[in-house]
Amino acid sequence: MQQIADSYGHHFEFSEQLIGGAAIDKTGNPFPAATESSCRESDAILLGAVGGPKWSDPNASIRPEQGLLALRAALEVFANLRPVEIIDALADASPIKADRLQGVDLMVIRELTGGIYFGEKKRDEESASDLCIYHKYEVERIIRVAAKLAQKRSGKLCSVDKANVLESSRFWRDVTVKTMNAEFPEIELEHLLVDAAAMHLINTPAAFDVVVTENMFGDILTDEVSMLAGSLGMLPSASLGISSRGLYEPIHGSAPDIAGKGLANPCGMIASTALLLRHSLGLDAEARAIEDAIRSVIAMGVRTADIAAEGSRIASTTDMTDAIIQQLR
Ligand code: IPM
Ligand code: MG
């Protein structure tokens, strides 16, 4: 961000706030009030992944992930855009055969503030439940975001659900059909069941363009499709609401197993800043400069271990980050 400011003559004001484990340690709260008010005052938020072994007891009443979910809910960033582009030079890094990757350019839109993540949770000695609830306005607004993106792209939209089993999915499908017929009749709409979608996304990924789905299906499917791009570490995301304020984060987690070793791939985070520039600050040329810099550095062979070509030198997180910044100069 600082290099973009320097190269393009912008001035950005940064403020750093705590969330997740670091916030629990300091304040006892994974989403402190100071963090919330600073986020509300900002045009955009760039988020470092939460979670780690120190706070990993799933039965603890206070957990880092609660901070992330509370932040998404507080900002009402209901539309999570997870683009998947294949960088040609990385075709060999993907476990999927290179010919299947030809022409893959996906945009997965994950509903982010509803569904099973946020429904009522109950537990006693004998049973536990998580309610998956969707309201009409929640489905309508995410479908509108997806349809508008489809208009700008191929004119096709694929909605993923589990309508053969779940009532919430049958509802999702009905509201989707009504919204699309009424507002976007020109868009070609297709429905897929999530299990079939998981298979087709790997088998024929190039057949997809814009995919829209509910919160948990989107969580799972985007980890899956990240492997098309070669590594979970490559993928950025943008979470948007009704204003231009957005939350930007790589789709990967905190990867505690490699923390502090210089092994983490910085591309997902750096590409998230590109999305931030584009969607919240309206700086598209600057965003493209970052995306081009990432592509160039990868083509030059400066790559972290997760995407390094066999037998080639492995770059550290800092090496790769510096190379991208250098490219922006
Ligand atoms: C993601 C992550 C989060 C999610 C976790 C960390 C709560 O997996 O952003 O995909 O499930 O939404
Ligand atoms: Mg996830």
Side-chain angles (χ1 to χ4, degrees), residues 18-24 29-31 35 39 44-84 106-119 121 130-134 138 142 160 194 197-198 201-202 211-241 246-259 264-273 275-276 279 306:
L18 296 170
I19 193 164
I24 295 174
N29 179 351
F31 184 46
T35 301
C39 290
I45 297 104
L46 187 66
L47 184 108
V50 301
K54 186 173 173 192
W55 314 275
S56 66
D57 175 4
N59 288 316
S61 60
I62 298 176
R63 296 181 308 278
E65 291 77 8
Q66 292 164 337
L68 175 58
L69 299 186
L71 170 63
R72 290 171 178 172
L75 299 180
E76 257 198 283
V77 283
F78 60 86
N80 181 223
L81 277 47
R82 297 187 163 187
V84 185
L106 264 173
M107 174 64 87
V108 182
I109 298 155
R110 167 186 175 193
E111 199 292 324
L112 200 63
T113 52
I116 199 166
Y117 272 58
F118 291 93
K121 297 178 187 307
D130 298 274
L131 177 68
C132 181
I133 177 163
Y134 268 107
E138 292 176 300
I142 191 77
V160 174
V194 64
L201 280 165
I202 287 296
V211 176
V212 63
T213 190
E214 63 99 69
N215 203 342
M216 189 163 71
F217 297 159
D219 178 45
I220 299 168
L221 291 177
T222 50
D223 268 31
E224 185 194 18
V225 294
S226 76
M227 294 317 291
L228 302 169
S231 167
L232 185 62
M234 290 301 299
L235 259 57
S237 86
S239 304
L240 306 170
L247 168 65
Y248 300 85
E249 47 176 320
I251 82 156
H252 64 70
S254 56
D257 52 323
I258 59 166
N265 183 337
C267 292
M269 181 54 98
I270 296 173
S272 295
T273 65
L275 295 182
L276 184 160
H279 293 289
D306 56 323

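Whatever order the structure lists ligands and atoms in, that order sets their numbers, starting from 1. Being a predicted model, the structure only gives us computed values, none of them experimental.
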>> Tell me whether the count of non-hydrogen atoms from other residues, nucleotides or ligands lying under 6.0 Å of CD in Glu224 goes above 12.
In response: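 Yes, the 6.0 Å shell around CD holds more than 12 heavy atoms from other groups.
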Judged on heavy-atom distance to [atom], which of [options] sits nearest?
atom                    : options                       : result
atom 6 (C) of ligand 1  : Leu68, Leu232, Thr222         : Leu68
atom 12 (O) of ligand 1 : Arg72, His252, Glu249, Met216 : Arg72
atom 1 (C) of ligand 1  : Arg82, Gln66, Arg63           : Arg82

> the Mg ion (ligand 2): which protein N, O or S atoms are under 2.8 Å away?
Replying inline: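 Result, waters dropped: Asp219 OD1.
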Which residue supplies the protein heavy atom nearest to [atom], what is that atom called, and how far is it?
atom                    : answer
atom 10 (O) of ligand 1 : Asp219 OD1, 2.9 Å
atom 7 (C) of ligand 1  : Glu65 CG, 3.9 Å
atom 11 (O) of ligand 1 : Tyr117 OH, 2.5 Å

> Would you say ligand 1 has an N or O under 3.5 Å from any N or O of Arg110?
Replying inline: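 Yes; the residue has a nitrogen or oxygen that sits under 3.5 Å from a nitrogen or oxygen of the ligand.
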>> Please determine whether side-chain contact (heavy atoms from CB on, under 4.5 Å) holds for the pair Leu201 and Leu106, giving the CA-CA distance in whole Å, both sets of side-chain angles, and the decisive distance to 0.1 Å.
In response: CA-CA 10 Å; Leu201 280 165; Leu106 264 173; 4.2 Å; yes
>> Run the side chain to side chain contact (heavy atoms under 4.5 Å, CB included) test against Pro266 and tell me which residues pass, sequence neighbours left out.
In response: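 Partners of Pro266 by the side chain to side chain contact (heavy atoms under 4.5 Å, CB included) criterion, ordered by chain and then number, come out as Ile270, Thr304, Thr317, Met320, Thr321.
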> Mind checking what makes side chain to side chain contact (heavy atoms under 4.5 Å, CB included) contact with Met227, not counting sequence neighbours?
Replying inline: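 Applying side chain to side chain contact (heavy atoms under 4.5 Å, CB included) to Met227 gives Pro95.
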> Hey, does Leu81 have a side-chain heavy atom less than 4.5 Å from the side chain of His279?
Replying inline: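 His279 vs Leu81: side chains touch.
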> If you round to the nearest 0.5 Å, how far is CZ of Phe78 from CD of Glu111?
Replying inline: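 The CD atom of Glu111 sits 8.5 Å away from the CZ atom of Phe78.
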> Taking only residues two or more places apart in sequence, or in another chain, which ones meet Tyr117 in a ring pair (Phe, Tyr, Trp, His ring centres under 6.0 Å)?
Replying inline: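 Checked Tyr117 against ring pair (Phe, Tyr, Trp, His ring centres under 6.0 Å); zero matches.
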>> Walk me through whether Val194 and Thr213 qualify under side-chain contact (heavy atoms from CB on, under 4.5 Å).
In response: CA-CA 9 Å; Val194 64; Thr213 190; 5.7 Å; no
>> Exactly one of Arg110, Arg72, Glu138 should register a side chain to side chain donor-acceptor pair (under 3.5 Å) with Asn215. Which one does?
In response: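 Testing Asn215 for a side chain to side chain donor-acceptor pair (under 3.5 Å) against Arg110, Arg72, Glu138 leaves exactly one candidate, Arg110.
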